[in-house]
Amino acid sequence: MISRTDFELSIDRPLPRRRATVADAPALSALTTLGVGGPADVLCRPADARGVRRALAAARAEGSRWRVIGRGSNLVVDDAGVDGWVLDLRRLRALVVQDDGRVVAGAGLPTATLLGETRRRGLGGLECLVGYPATVGGAVRMNAGGRWGVVGARVASVVAIDRVGNVHTFDRAACRFGYRTSALADHVIVEVHLRLPRVDGVAYRRAVEEIHREKASRQPLCLPSAGCMFRNPDGISAGLLVDRAGLKGRRRGGAQISEVHGNFVVNRGGATASDVLGLVDDARSAVARVHGVDLTLEVEIWRRRAT
Ligand code: EPU
């Protein structure tokens, strides 16, 4: 399954690496959609797959942990920040769109750009990504979606790098897409190959606008959030359970359980990770008490490892 051709041709730049001290390290809050969280020990922005492999090798050589950030949309970073290396993949934003529906997208490309550019070329099938503030790699890794389908259904193959720097091509079956899961969690996705249908541009545009309107009426899209905090247990809306437990609107500091949708915690200004995680605990306890359901987190929580 290992394929080294094609994308390695684009590998030619050295890894721009920034070794930051805790004092001057930029907070990761600026790289997340929720806007909370402290710094990483090392933040680097590889320009291509070779840069990713170098970063992984350097982190491994110093015995450090590494993590990957895309749009930071499904993520809560602790106020103390995180140990080890954070790889920000936003520079991997290549996009090739072919008229026959074959599309190659860099992992760091915003899903909104993918949606807009493919639609402009008469391709559809990405209704599931409307209103998702993600990168292509992040969306594919968690098989993002909802009522309008999942992105995994449009994936032909994924190029990803494993912990020891080997490059693999996963076909769709090997990706093992499930409800907000895939087999790609331990890999760094660098490139995604999609297969999109040709569509009637006017009808598709209308459908996308309608989904946007619908989502905007049900979700707090205008406030900073990490998207849905919990997975839906057995097909029931976690938001509905939080709502019926009476927690919508609850505040802690600058964070609030959205008044619009119970599965969103929004940053009303100046929220900390501790405010957000406090609300997560509140919601979990209330839902367990009222409905007897144990909610599982959908968002990732990044914490500094205790030393
Ligand atoms: N509902 C309430 N109160 C609430 C929230 C929802 O009564 O506070 C009700 C709604 O009225 C509706 C039902 O619950 O009857 C389902 O709500 P919704 O359509 O909003 O869907 P969801 O199951 O809550 C899922 C995804 C969303 C995705 C939407 C729409 C999960 C955890 N959530 O939400 O994904 O946008 O469907 O497709 O799977 C995300 O993954 O970050 C996310 C937001």
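Atoms within a ligand are numbered from 1 in the order they appear, just like the ligands themselves. Remember, it's a predicted structure, so these values are computed and weren't measured experimentally. The first residue in the sequence is number 1, and the count goes up from there.
Side-chain contact check for Ile161 versus Asn166: every heavy-atom pair is 4.5 Å or farther apart. Counting only heavy atoms from C-beta outward, the side chains of Val36 and Val76 approach each other to under 4.5 Å.
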Distance-only criterion, 3.5 Å: show the donor-acceptor pairs between side-chain atoms of residues 221-239 and protein atoms not counting sequence neighbours.
residue	atom	partner	partner atom	Å
Ser225	OG	Gly227	N	3.1
Arg231	NE	Leu297	O	3.4
Asn232	OD1	Ala238	N	2.9
Ser237	OG	Gly239	N	3.2
Ser237	OG	Leu240	N	3.1

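With 3.5 Å as the limit, one finds no donor-acceptor pair spanning the side chains of Gln256 and Arg251. His193 and Glu191 share a donor-acceptor pair across their side chains, judged by distance under 3.5 Å alone.
Here Arg141 contributes atom CZ and Asp186 contributes atom CG; the two are 8.0 Å apart, rounded to the nearest 0.5 Å.
Within 4.0 Å of ligand 1, protein heavy atoms come from Tyr132, Gly145, Gly146, Arg147, Trp148, Tyr179, Arg180, Lys215, Arg218, Gln219, Gly227, Cys228, Phe230, Asn232, Ser237, Gly239, Leu240, Asp243, Lys248, His261, Gly262, Asn263, Phe264, Glu298.
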